[in-house]
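Report on the following structure.
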Amino acid sequence: MNASECIFCKIVAREISSKIVYEDEKIIAIEDINPAAPLHILLIPKQHIASLNEVEEQDAGILGHIQLTASRIAKKKGISKKGYRVVNNCGVWGGQTIAHLHYHLLGGREMAWPPG
Ligand code: AMP
Ligand code: ZN
C-alpha cells in the first residue's frame with residue numbers, strides 16, 4: 001500500500017474524520033474506532049512508515065516521542081496509577097492490519113498476559 005491510499009495518512013490529512021486526543025507537528029493520537037479496552041488510543045507518526053520493520057536510526061526521535069506522549073496521555077486520562085499497556089503490532093503474525101506504524105495505548109481494565 002502506498003501512502004496516498006493509507007487510512008492513517010488520510011486521518012492525518014483530515015480526509016477521514018477521527019476523534020483526535022492529541023496532535024503536534026510529528027504525531028497524532030486518536031481514539032480507536034473499535035476499542036479493545038475502556039481507553040484505547042492510537043499514537044501515529046504523521047510520516048508514513050509502514051511498520052516497525054521499516055524504522056531506521058533517524059526515526060529514534062519519533063519513537064521516543066511516541067512513548068513519552070503515551071505516558072503523558074495515560075496520566076492525563078487517569079489510567080497511569082493502575083497501569084496500562086502500550087502495544088505495537090508488526091506484520092501479519094504480529095496482528096498488524098493497517099500498514100502505517102502505530103502504537104496502541106490500552107487501559108481502564110486489567111490486561112492479561114501473554115497476549116493472544
Ligand atoms: P493494528 O491491527 O495494530 O494494525 O491496529 C489497527 C487499529 O486501527 C485497530 O485497532 C482498528 O480498530 C483501528 N482503526 C481502523 N480504522 C480506524 C479509523 N478510521 N479510526 C480509528 N481507528 C481505526
Ligand atoms: Zn500512511
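When a ligand or atom number is given, it counts from 1 through the structure's own listing order. Starting from 1, each residue takes its place in the sequence as its number.
- Neither side chain, His40 nor Asn34, offers a donor N or O lying under 3.5 Å from an acceptor on the other.
- Residues meeting the salt bridge (Lys or Arg N to Asp or Glu O under 4.0 Å) test with Glu23, sequence neighbours left out: Arg14, Lys46.
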For ligand 1, run through the N/O pairs with the protein that fall under 3.5 Å and put one pair on each line.
from     : atom 1 : to     : atom 2 : distance (Å)
ligand 1 : 2 (O)  : Gly95  : O      : 3.0
ligand 1 : 2 (O)  : Thr97  : N      : 3.3
ligand 1 : 2 (O)  : Thr97  : OG1    : 2.9
ligand 1 : 3 (O)  : Asn89  : ND2    : 2.9
ligand 1 : 3 (O)  : His102 : NE2    : 2.9
ligand 1 : 3 (O)  : His104 : NE2    : 2.8
ligand 1 : 4 (O)  : Thr97  : N      : 2.7
ligand 1 : 4 (O)  : Thr97  : OG1    : 3.2
ligand 1 : 4 (O)  : Ile98  : N      : 3.0
ligand 1 : 4 (O)  : His102 : NE2    : 3.0
ligand 1 : 5 (O)  : His102 : NE2    : 3.0
ligand 1 : 5 (O)  : His104 : NE2    : 3.3
ligand 1 : 10 (O) : Asp32  : OD1    : 3.3
ligand 1 : 10 (O) : Asp32  : OD2    : 2.5
ligand 1 : 12 (O) : Asp32  : OD1    : 2.5
ligand 1 : 22 (N) : Ile33  : N      : 3.2

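- Ring to ring, His102 and His100 are not that close: their centroids are 6.0 angstrom or more apart.
- The shortest side-chain heavy-atom distance between Gln47 and Asp59 falls under the 4.5 Å cut-off.
- Each of Leu42, Ile27, Leu63 was scored for a side-chain contact (heavy atoms from CB on, under 4.5 Å) with Tyr103, with one residue passing: Leu63.
- Restricting His100 to its N/O/S atoms, the shortest distance to the Zn ion (ligand 2) is reached by ND1.
- Among the heteroatoms counted here (N, O or S) of His48, ND1 is the one nearest to the Zn ion (ligand 2).
- Met111 belongs to a hydrophobic cluster whose remaining members, ordered by chain and number, are Val87, Leu106; membership requires side-chain heavy atoms of ILVMFWY residues under 4.5 Å apart, directly or through intermediates.
- Here salt bridge (Lys or Arg N to Asp or Glu O under 4.0 Å) pairs that include residues 26-35, with residues two or more places apart or in two chains, number zero.
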